[in-house]
Every structure is written in C-alpha cells, then in structure tokens.
Amino acid sequence: MKLIGIVLPLIFIGGYGIIYFLPEAMESSHPILHLIGRFHPLILHFPIVLFLLVTGFIILGQLNTAFKNPIVIKILLLLTSILSFSTILAGYLLFVNEEYGGKLVNNHFLGALLTGTGISLCTAIYFYGADKNKEPQWYKWTFYVLLGFSNVSLLYASHMGGSLTHGEDYLSDPLAKIFPEKKFGEKKPLEEMLLYENMIATILESKCANCHNENKSKGDLMLSSHTALLKAGKSGNQAVTPHDVSKSELIARIMLPEEDEDRMPPEGKANLTQGEIDLITFWVEEGASDTLKYGEIRNEVIQKTLQKMLPSIQESQISLLKEKEAFEETSKKLKAIGAPLGMNIERDKDAEGRFLGLKMKFPPQPISNQELLKLMPYAPYFSRISLASSNVSDDELYYLGKMINLERLVLQKTAISGTGLPYLQQNPNLKVLNLSFTPLEDGNLLHILNFPVLEKLYLFGTPVKKDLIEALQAHKPELEIILEEGPFY
C-alpha cells in the first residue's frame with residue numbers, strides 16, 4: 001500500500017501537468033467525454049469534504065493522541081487524491097466541450113490544478129514518512145506547509161467556482177454585511193445626524209432617484225439632490241414645498257393608491273414603507289431643511305420611527321455606495337476589454353444610469369463568439385447593444401440572450417437569418433429589436449411571437465413577405481412593427 005500511496009499521487013501530478021498544457025477548446029469531442037465533463041459539479045464535493053477531514057484529523061492529532069490514526073489518514077488522503085484527479089479531469093472536459101471562457105473560469109481552473117497538485121504531494125509525502133520510527137524534520141514541515149497551501153488553494157478554487165455559478169460577490173456580499181466597511185468617515189452620534197443628508201436622501205436614492213436623476217428625470221422631476229427637490233417639474237409643482245405638504249408633488253405622488261398610474265414609485269419598483277412616508281412628510285412639514293439634526297427633533301413618534309429605521313437606512317447607504325463603486329470599476333474594466341475589440345462601452349443614460357451600452361466603432365471589426373465570450377462575465381451590466389453593420393450571425397445570439405438586462409438590441413445590416421432568435425426569447429427585458437437589412441427568413445420571423453416584452457421591431461429592408469408581417473401584427477397587436485431603418489444605436 002505504501003508504494004501505491006507514493007506512486008499513484010505522483011502519476012496524478014504528472015497528469016495535472018499534461019492537463020495544464022492541453023488546448024482550451026476542441027473542434028470535436030466524443031459525446032462520452034462530454035458526458036464525463038458534466039459529472040464535474042456532482043463529484044467535486046467529495047474530495048473537498050475528505051480533505052477537510054484529513055486536515056481536521058491532523059490538527060486534532062496534535063491536541064489529542066487519540067486522533068493520531070495513520071491508517072485512517074492514509075485512506076482519506078489516497079481517496080482524496082483519486083477523487084481530486086477525477087474531478088479536475090471532468091472539469092477540464094466540461095471546460096473544453098462547452099466553450100467556457102473568461103477570467104473567472106481560468107482562475108478556477110488554475111486554482112483546481114494547484115489544489116490537486118498540493119493534495120497529491122501531501123499524500124505521497126505522508127505515505128513516505130508516516131511509517132518511519134522517527135519522522136525526518138524535512139518531512140514533517142514539508143507536509144504541514146503543503147497541507148496549509150492546499151487548504152488555501154482549495155478555498156480559492158472553491159470561491160472562483162462559486163463565483164462562476166452564483167456571481168462574483170457570492171462570498172464577499174454576505175461578508176460585507178457581517179463586517180461592513182467604514183465608508184462614511186467617522187460615524188456620527190445619533191444626535192448629530194442630519195435628517196436630510198443621512199436619512200431622507202438615502203431613502204430617495206434607493207427608492208426614487210433611479211427614475212428621477214440627471215440622466216433620467218420622469219416628468220422633469222429630479223430627486224437626486226436637495227436643490228433639485230425644491231425645483232418645479234413638468235406639472236409646475238415643486239417636488240417639495242417647505243412647510244406645505246399639499247403643494248409638494250413628491251408627497252402627492254407617494255400617497256396615491258397603488259393602482260394609480262401616477263403613483264410613485266411605479267408598479268414593479270420597491271414601495272416606500274409607512275415609516276419612510278411618515279418621515280418624509282414630517283421633514284416637509286418642518287421646512288424640508290438640509291441642516292435639521294436628529295437632536296433637534298421634538299416629535300417623539302418620529303424619534304422612535306427613526307430609531308427603528310436607522311439600521312436599515314445605514315445598510316442601504318453601504319449597499320448604494322458599494323453598488324456605485326462596483327459599477328465604476330466594472331465600467332473601467334469593460335472599456336479596457338472593448339477598446340481592442342473595436343467597441344465603445346459607455347454608461348447607458350436611458351437605462352437609469354445603472355447599466356452600460358455597447359456600440360461598434362466604425363468601420364466595425366469582425367465579431368464572433370470569441371469576442372462576445374470576453375464580455376460574458378459582465379453580461380448583467382448591459383442594457384443596450386448595437387452591432388450594426390458587423391458580421392454577427394445567428395450563433396452569436398446565444399450569448400446576447402444571456403444578457404438578462406438587455407432592453408435594446410440593434411442588429412441591422414448583419415448576417416442574421418433568424419435561426420438564432422429563440423436564444424433571445426430567454427431575455428426578460430428586451431423591448432426593442434432592430435433587424436433592418438438582414439437576410440431574415442419568413443419562417444424564422446415567427447419566433448418573435450414568443451418574445452415576452454418586445455415593444456418595437458424594425459424590419460425595413462428584409463426579404464420577409466408583407467402578408468407574414470401583417471399576420472404577425474394581427475397575432476401580436478401590442479408589438480409595433482416599424483418598416484423604417486431605425487437608429488444605429
């Protein structure tokens with residue numbers, strides 16, 4: 001058994017070296033290899049649990065000799081080595097057969113190879129030295145260092161895997177809530193907190209400002225600053241009229257019944273709580289000052305309301321700041337990715353300022369799956385994409401269908417025949433689709449019937465028959481079919 005415990009892990013280490021230098025994609029692969037790859041997420045938990053058990057036994061063995069059981073540790077290590085190699089091999093087959101790509105995938109793959117190598121070395125060294133009467137000093141410390149390295153590497157690879165499946169903030173988001181960062185300077189005493197700056201502004205930004213800001217101001221009403229609140233909107237009324245609730249458009253709108261189309265926030269947005277409404281109303285009645293402090297409030301009901309709301313308001317402040325920082329950081333990354341690909345990536349001003357738009361530089365560079373793959377880790381950030389006059393075909397629609405916040409897609413003067421349109425049916429927010437001057441085929445146009453929220457469809461210059469367009473319009477009367485070229489962005 002000792003020979004197996006030394007030789008087999010060393011063979012696995014050689015296997016990891018081979019896997020590392022194997023190609024990242026295959027033109028063709030046997031279905032059985034593809035099937036084996038899909039077992040990766042099913043078996044990866046076994047080596048993780050076994051290796052953590054090994055680590056537990058080693059640590060407890062230093063505290064209590066009852067846990068020093070070399071036979072158990074040998075069996076666990078050998079099983080962990082075998083299952084680790086199986087898991088990583090399956091992961092590689094999944095990687096190459098399903099065309100995964102991106103920084104997260106590469107980091108997960110590299111972390112897995114390092115973890116597997118560390119576990120195999122731990123196994124070989126333990127089998128080599130465990131039966132000796134006196135452990136050599138090099139053996140003892142080498143084993144412990146490798147054990148620690150392998151656990152750290154395992155944690156890293158697991159985090160990358162979790163980020164791939166659940167998003168990049170899979171672990172960091174809960175940790176941020178447990179250990180919130182001090183982003184707002186020194187915490188003010190409650191008595192010194194400004195009612196507008198520290199409380200009202202946060203409520204408005206989290207519930208209202210996404211539709212009433214410098215980039216998007218419904219009804220010409222802006223709620224993103226104290227100065228803007230005191231200006232009149234399209235209705236002629238100020239959002240806030242100090243000391244007069246009846247003339248404050250903000251109060252009037254938030255008090256409307258839910259079924260009223262003028263109510264704020266509108267249907268689909270998070271409503272203000274009764275406590276938030278009471279607080280805003282009180283603030284307006286008191287003069288809507290931006291200098292009023294909590295310590296100056298004499299209304300006991302409002303004081304108690306504020307005390308209850310304060311934790312959630314502070315959590316919203318942290319969340320809003322983190323969201324802004326993450327958006328800015330991602331925007332910079334995407335600009336750097338898009339530049340060499342001939343793409344302009346900027347903030348989409350028509351999408352509440354929280355999403356990005358992409359358009360091709362002129363003349364457009366060739367676009368294929370390879371280019372779009374580089375954008376996929378950031379797919380939820382896009383609300384508008386224009387690939388007009390590029391060579392995009394139906395295959396690329398697979399990736400565009402993964403962009404769940406995409407609202408406007410411009411594909412005019414591309415090679416779209418329509419066979420890839422079913423990929424876009426997965427998109428819950430796509431409202432505008434421009435297919436002008438594409439070789440769209442009659443039968444493929446019928447896929448449009450299954451688009452959940454599509455509002456505008458541009459079909460100018462396509463070979464689709466007029467009677468088919470009329471039939472589509474009859475079956476989907478809410479869809480506006482436009483026989484004009486439409487905008488390029």
Side-chain angles (χ1 to χ4, degrees), residues 176-178 180 182-213 218-219 221-233 235-323:
K177 291 177 181 177
I178 298 170
K182 307 297 184 182
K183 293 286 188 180
F184 301 95
E186 293 185 12
K187 193 173 181 180
K188 289 182 180 179
L190 180 60
E191 298 294 315
E192 293 297 314
M193 284 191 175
L194 295 169
L195 187 57
Y196 172 74
E197 182 182 328
N198 298 117
M199 300 167 192
I200 301 290
T202 300
I203 295 169
L204 294 178
E205 185 169 4
S206 59
K207 298 288 182 72
C208 308
N210 58 342
C211 291
H212 300 277
N213 54 67
K218 287 186 177 179
L221 201 63
M222 286 176 56
L223 308 178
S224 53
S225 71
H226 185 264
T227 303
L229 282 167
L230 302 178
K231 292 182 179 179
S235 67
N237 298 327
Q238 293 176 204
V240 168
T241 301
H243 301 291
D244 196 339
V245 172
S246 64
K247 292 182 180 178
S248 297
E249 191 72 12
L250 172 62
I251 303 297
R253 294 295 183 93
I254 64 178
M255 299 297 286
L256 288 172
E258 286 191 26
E259 61 272 15
D260 195 303
E261 63 179 17
D262 292 327
R263 184 178 185 270
M264 286 173 38
E267 185 179 357
K269 303 287 186 179
N271 289 326
L272 274 73
T273 65
Q274 188 58 50
E276 290 169 339
I277 292 173
D278 292 343
L279 182 59
I280 294 171
T281 303
F282 168 80
W283 175 67
V284 173
E285 290 172 341
E286 290 295 304
S289 169
D290 60 348
T291 60
L292 179 65
K293 297 178 181 179
Y294 174 87
E296 298 169 350
I297 297 173
R298 298 293 175 258
N299 186 313
E300 292 185 6
V301 175
I302 294 298
Q303 285 179 337
K304 290 178 180 178
T305 299
L306 272 171
Q307 289 171 4
K308 289 180 182 178
M309 292 172 57
L310 192 58
S312 62
I313 289 174
Q314 290 176 332
E315 186 175 333
S316 294
Q317 288 175 332
I318 293 170
S319 178
L320 287 166
L321 184 60
K322 288 181 71 67
E323 184 180 316

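Since the model is a prediction, treat every value here as computed from it, not as a measurement. Position 1 is the first residue of the sequence, and the numbers go up from there.
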Query - Inter- and intrachain pairs under salt bridge (Lys or Arg N to Asp or Glu O under 4.0 Å), touching residues 280-296, at least two apart - result: Glu192-Lys293
Report summary line: Applied to residues 297-307, the side-chain hydrogen bond (donor to acceptor under 3.5 Å, both in side chains) test, sequence neighbours excluded, yields Tyr294-Gln307
Query raised in the report: Rounded to the nearest 0.5 Å, what separation is found between the CE atom of Met309 and the CD atom of Glu276?
Result: 4.5 Å
Query raised in the report: Sequence neighbours excluded, which residues qualify as side-chain contact (heavy atoms from CB on, under 4.5 Å) partners of Thr227?
Result: Ser225, Lys231
Requested in this report: Drop me the distance from Leu279's CG to Ile203's CD1, to the nearest 0.5 angstrom.
Outcome: 5.0 Å
**Report entry** Gap between atom CD1 of Ile251 and atom CG of Leu256 - 0.5 Å precision
**Finding:** 11.5 Å
Query raised in the report: Do you know which of Thr273, Ile280, Thr281 makes side chain to side chain contact (heavy atoms under 4.5 Å, CB included) with Ile277?
Result: Thr281
**Report entry** Atom of Asp244, atom of Ser246 and distance for their closest heavy-atom approach
**Finding:** OD1-OG, 2.5 Å
Report summary line: Taken to the nearest 0.5 Å, the spacing of Asn198 CG from Leu306 CG works out to 10.5 Å
Report task. Keeping the roles fixed (side chain from His226, backbone from Glu197), state whether a donor-acceptor pair exists under 3.5 Å. Result -> no
Query - Sequence-distant partners of Ser289, side-chain contact (heavy atoms from CB on, under 4.5 Å), two or more places apart - result: Thr291, Leu292
**Report entry** Separation between CG of Leu204 and OH of Tyr196, rounded to the nearest 0.5 Å
**Finding:** 6.5 Å
Query raised in the report: Taking all atoms of both residues into account, what is the closest heavy-atom pair of Val240 and Ala288, and its distance?
Result: CG1-CB, 3.5 Å
Requested in this report: Give the C-alpha distance, both sets of side-chain angles, the deciding distance and a yes or no for side-chain contact (heavy atoms from CB on, under 4.5 Å) between Phe282 and Leu195.
Outcome: CA-CA 10 Å; Phe282 168 80; Leu195 187 57; 4.2 Å; yes
Query - Nearest non-hydrogen partners of Val284 and Ser248, listed with the distance - result: CG1-OG, 3.5 Å
